[in-house]
Chemist: 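Attaching a single structure in structure tokens format; questions to follow.
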2 protein chains.
Amino acid sequence: MIVLLLYLPKIKLLMFELPTTIPIQVNAKLYLKDPNSSDLGIKIVSKSIDLINAIGFEDFTIRKLAQAINSTEASVYRYFESKQKLLLYLISWYWSWMEYRLVFATTNISSSKVKLERAISLITDKIEHDEKYNYINLKKLNSIVFTESTKSFLNKEVDKENKLGAFSEYKKFVEKVSDIVIELNPKYKFPNMLISTVIEGAHLQHHFTEHLPRLTNASTKEDHIQLFFSDIVFKSIATTKK
Amino acid sequence: MIVLLLYLPKIKLLMFELPTTIPIQVNAKLYLKDPNSSDLGIKIVSKSIDLINAIGFEDFTIRKLAQAINSTEASVYRYFESKQKLLLYLISWYWSWMEYRLVFATTNISSSKVKLERAISLITDKIEHDEKYNYINLKKLNSIVFTESTKSFLNKEVDKENKLGAFSEYKKFVEKVSDIVIELNPKYKFPNMLISTVIEGAHLQHHFTEHLPRLTNASTKEDHIQLFFSDIVFKSIATTKK
DNA sequence: CAAATATAATAGTAATACTATCATAATTGC
DNA sequence: GCAATTATGATAGTATTACTATTATATTTG
């Protein structure tokens with residue numbers, strides 16, 4: 001069924017035009033009980049996105065979440081074994097969704113250059129409209145990933161969580177974009193580094209633009225961040241013509 | 001006195017050859033009582049670096065620190081009003097120290113290109129030898145900044161802390177390196193973005209190399225990270241010769 | 001050597017992540 | 001349609017945390 005969709009005649013770029021029936025896959029080891037399997041699970045995921053986005057992951061507590069959905073801490077812990085795992089679930093969901101966006105944005109495009117341009121847009125553009133994918137607010141989730149995702153791997157648990165597969169969606173996405181880089185320049189030595197740098201760099205630059213503007217040269221109005229990273233990528237992988 | 005040092009005939013690059021008498025300035029609003037003013041303050045800073053490096057900032061507690069230096073929580077809180085402020089102090093110290101390293105690495109160098117190369121090395125190279133600057137273990141502090149510093153600004157307190165000047169040493173450093181970029185190409189539009197991306201990107205790539213290698217193309221043995229970022233920078237700012 | 005200051009000792013608060021237990025509600029299998 | 005299973009709620013509890021308050025004892029300073 002997914003394959004069928006990929007062959008639709010006109011594939012649109014923007015995420016809000018994606019069909020909402022595609023199942024987003026998240027590693028089952030990130031939850032104790034699939035939140036998609038019940039109303040409560042759905043409320044947990046949906047409301048945790050609202051809450052983390054509103055108050056930040058540090059101030060976010062399972063108790064606050066439970067109160068917000070008229071449930072109890074114990075019930076939440078039946079779905080996610082920890083606050084960390086819940087965050088990992090959300091981030092993993094995000095990258096799985098980004099992978100679909102990438103597929104839709106690049107299918108039937110013959111030019112590798114255009115494909116890479118579109119991938120960079122997907123990565124560097126902040127979602128500005130309040131759109132939902134089922135019960136998930138994509139703008140808020142996007143915002144969470146931008147500000148909280150480094151915390152998911154910059155800790156002492158990273159190896160343990162990596163073994164669980166917590167970062168495999170992220171890695172898959174990076175590798176898919178890296179593959180486009182390799183199409184354009186098979187000799188370029190650092191495609192994965194380049195793409196992971198663009199991803200994390202774009203997240204940070206968005207944060208800096210808003211809070212520490214002296215670290216950037218980007219205005220909030222124009223898409224300087226996209227321009228900047230696009231420039232970096234294409235200059236880096238350009239094959240020298242002599 | 002500082003000025004004098006800058007005019008020493010032969011300026012060496014490596015940090016362990018810096019004189020240890022240069023006072024590193026840290027914004028006074030980051031502490032309640034200057035830790036340099038007493039034995040206890042020195043022990044707090046010195047041991048917190050050891051501890052945070054060993055167990056990570058999340059697991060680091062003021063109680064553990066107090067026990068490690070045979071003191072009490074209350075005493076530590078007389079120097080730093082919070083765990084966060086202590087981290088901000090350490091990071092601020094780091095950037096102040098990096099500024100000195102930058103000055104020493106670039107003084108009396110006429111070529112802007114060489115200056116920028118040296119700056120990039122300073123930024124991207126991890127400190128591998130256990131060297132001390134007075135009571136501060138530079139290797140451990142370097143490691144802390146690489147893994148914990150994003151947490152210092154990726155939170156809801158960032159604006160408040162920014163007003164205190166918590167990030168001014170970092171900004172100063174970024175701007176000093178950006179100035180070299182501008183020397184090389186006055187028309188380049190994103191010097192600050194470029195340098196802050198290189199700094200944060202290099203930190204992350206070091207972490208990825210160790211924990212999530214699929215996100216990189218760097219081996220731990222070679223200086224691929226330096227090569228990669230050096231390549232990015234010089235290609236990005238190259239003036240097109242047609 | 002008195003006065004000021006720094007530190008230690010001790011206790012306490014409110015909040016946190018997470019666990020345990022048991023009762024009740026909702027769903028399912030037959 | 002009803003028993004058995006499962007999901008949730010209610011409630012309580014643990015150990016730990018960041019941080020504060022208070023008082024006593026060192027240590028330094030004028």
Side-chain angles (χ1 to χ4, degrees), chain A residues 28-48 51-52 54-90 148 151-152 155-157 160-161 164 166, chain B residues 28-48 51-52 54-90 148 151-152 155-157 160-161 164 166:
Chain A
K29 289 186 180 165
L30 296 181
Y31 51 78
L32 297 172
K33 186 175 172 175
D34 188 353
N36 273 304
S37 69
S38 74
D39 285 358
L40 182 61
I42 284 167
K43 275 199 245 172
I44 290 171
V45 170
S46 179
K47 200 74 194 177
S48 68
L51 252 180
I52 295 172
I55 64 178
F57 188 65
E58 275 78 29
D59 288 345
F60 168 82
T61 71
I62 302 292
R63 169 164 295 171
K64 285 176 189 167
L65 172 62
Q67 283 169 349
I69 59 175
N70 287 312
S71 182
T72 62
E73 278 179 277
S75 295
V76 174
Y77 278 110
R78 267 179 222 113
Y79 285 83
F80 294 100
E81 74 177 64
S82 70
K83 192 181 147 174
Q84 272 292 327
K85 286 270 162 62
L86 173 51
L87 180 63
L88 288 170
Y89 176 91
L90 297 178
E148 314 289 357
K151 296 168 195 168
S152 72
N155 58 53
K156 298 277 173 187
E157 312 297 310
K160 205 169 34 175
E161 280 154 0
L164 284 183
Chain B
K29 288 186 180 165
L30 296 181
Y31 51 79
L32 298 171
K33 186 175 173 175
D34 188 353
N36 272 304
S37 68
S38 73
D39 284 357
L40 182 60
I42 284 168
K43 274 199 244 170
I44 289 170
V45 169
S46 179
K47 199 74 194 177
S48 69
L51 252 180
I52 294 172
I55 65 179
F57 188 64
E58 276 77 29
D59 289 344
F60 167 82
T61 71
I62 302 292
R63 170 164 298 170
K64 286 176 189 167
L65 172 62
Q67 283 169 349
I69 58 175
N70 288 313
S71 181
T72 63
E73 278 178 277
S75 296
V76 174
Y77 279 110
R78 262 179 231 113
Y79 285 83
F80 294 101
E81 74 177 64
S82 70
K83 191 181 148 175
Q84 271 293 326
K85 286 269 162 60
L86 172 52
L87 179 63
L88 288 171
Y89 176 91
L90 297 179
E148 314 290 356
K151 297 168 194 167
S152 72
N155 59 52
K156 298 278 173 188
E157 313 298 309
K160 205 170 31 173
E161 280 155 359
L164 283 184

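In what follows, chains carry the letters A, B, and so on, assigned in the order in which the sequence lines appear, proteins first and then strands, with residues in each chain numbered from 1. These numbers were taken from a predicted model, which means no experiment stands behind them.
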Chemist: Tell me whether the side-chain N/O atoms of Ser38(A) come closer than 4.0 Å to OP1 or OP2 in dT8(D).
Modeler: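 Answer is yes, contact under 4.0 Å.
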Chemist: Regarding Ser75(A), tell me which of base, sugar-phosphate or nothing describes its non-hydrogen contacts under 4.0 Å with the strands shown.
Modeler: base
Chemist: Whole angstrom is fine here: how far is it from NZ in Lys43(B) over to P in dA6(C)?
Modeler: 16 Å
Chemist: Walk me through it: do Lys151(B) and Glu58(B) pass the test salt bridge (charged side-chain N to carboxylate O under 4.0 Å, His left out)?
Modeler: CA-CA 10 Å; Lys151(B) 297 168 194 167; Glu58(B) 276 77 29; 3.1 Å; yes
Chemist: Side chain of Tyr79(B) only, heavy atoms from C-beta on: which candidate in dA10(D), dA8(C), dA6(C) is closest?
Modeler: dA6(C)
Chemist: For Asp34(A) and dA7(D), give me the distance from atom CG to atom C1', rounded to whole Å.
Modeler: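 About 15 Å, once rounded to whole Å.
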Chemist: Whole-Å distance between dT17(D) C1' and Leu65(B) CG?
Modeler: 15 Å
Chemist: Check the distance between dA15(D)'s P and Lys64(B)'s NZ and give it to me in whole angstrom.
Modeler: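 Distance check: Lys64(B) NZ to dA15(D) P gives 16 Å.
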Chemist: Side chain of Ser71(A) only, please: which of dA17(C), dG9(D), dT8(D) is the nearest?
Modeler: dG9(D)
Chemist: Restricting to nitrogen or oxygen on both sides, can you table the protein-nucleotides 19-21 of chain D pairs closer than 3.5 Å?
Modeler:
| unit_1 | atom_1 | unit_2 | atom_2 | d |
| --- | --- | --- | --- | --- |
| dC19(D) | OP2 | Tyr77(B) | OH | 3.4 |
| dC19(D) | OP2 | Lys83(B) | N | 3.0 |
| dC19(D) | N4 | Glu73(B) | OE1 | 3.4 |
| dC19(D) | N4 | Glu73(B) | OE2 | 3.2 |

Chemist: What's the shortest heavy-atom distance between Glu161(A) and Ser152(A), and which atoms?
Modeler: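 Residues Glu161(A) and Ser152(A), closest heavy atoms: OE1-O, 3.8 Å.
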Chemist: Atom CD1 in Ile62(B), atom OG in Ser75(B): separation rounded to 0.5 Å?
Modeler: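 Here the interatomic distance stands at 11.5 Å.
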Chemist: What are the two closest heavy atoms between Asp59(B) and Lys64(B), and how far apart are they?
Modeler: O-NZ, 2.8 Å
Chemist: Provide the closest heavy-atom pair for Leu30(A) versus Leu88(A) in the form atom of the first, atom of the second, distance.
Modeler: CD1-O, 3.8 Å
Chemist: Report the C-alpha separation of Ser38(B) and Tyr79(B) in whole Å, then their side-chain angles, then the decisive distance to 0.1 Å, and conclude whether the side-chain hydrogen bond (donor to acceptor under 3.5 Å, both in side chains) test is met.
Modeler: CA-CA 10 Å; Ser38(B) 73; Tyr79(B) 285 83; 2.4 Å; yes
Chemist: Please work out if Asn70(A) contacts a base, only the sugar-phosphate, or nothing of the nucleic acid, heavy-atom cut-off 4.0 Å.
Modeler: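 The answer is sugar-phosphate, as Asn70(A) gets under 4.0 Å only of primed atoms, P, OP1 or OP2.
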Chemist: Quick one: Leu32(A) CG to dT6(D) C1', roughly how many Å, whole number?
Modeler: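 Atom-to-atom, Leu32(A) to dT6(D), this comes out as 16 Å.
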Chemist: Taking atom C1' of dT5(C) as reference, at what distance in whole Å does atom CG of Leu40(B) sit?
Modeler: 14 Å
Chemist: Grab the CD1-P distance between Ile69(A) and dT8(D) for me, whole Å please.
Modeler: 10 Å
Chemist: Whole-Å distance between dG9(D) C1' and Gln67(A) CD?
Modeler: 14 Å
Chemist: Between protein and nucleic acid, restricted to nucleotides 23-30 of chain D and to nitrogen or oxygen atoms under 3.5 Å apart, what atom pairs and distances do you find?
Modeler:
none

Chemist: Has Lys33(A) got a side-chain N or O lying under 4.0 Å from the OP1 or OP2 atom of dT8(D)?
Modeler: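 Checking Lys33(A) against dT8(D): at least one side-chain N or O falls below 4.0 Å of OP1 or OP2.
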Chemist: Side chains of Leu32(A) and Arg78(A): does their closest heavy-atom pair fall under 4.5 Å?
Modeler: no
Chemist: Got a donor-acceptor contact below 3.5 angstrom from the Lys83(B) side chain to the Phe57(B) backbone?
Modeler: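 Indeed, once roles are kept as given, a pair shorter than 3.5 Å links the two residues.
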Chemist: Under the salt bridge (charged side-chain N to carboxylate O under 4.0 Å, His left out) rule, what pairs show up with a residue in residues 29-40 of chain B, not counting sequence neighbours?
Modeler: none
Chemist: Considering all heavy atoms of both residues, which atom of Glu148(A) and which atom of Ile52(A) are nearest to each other, and what is their separation?
Modeler: CG-CG2, 4.3 Å
Chemist: Need one value for Phe80(B): base, sugar-phosphate or nothing, where a base atom within 4.0 Å counts as base even if backbone is also close, heavy atoms only.
Modeler: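 Nothing, no nucleic acid heavy atom in range.
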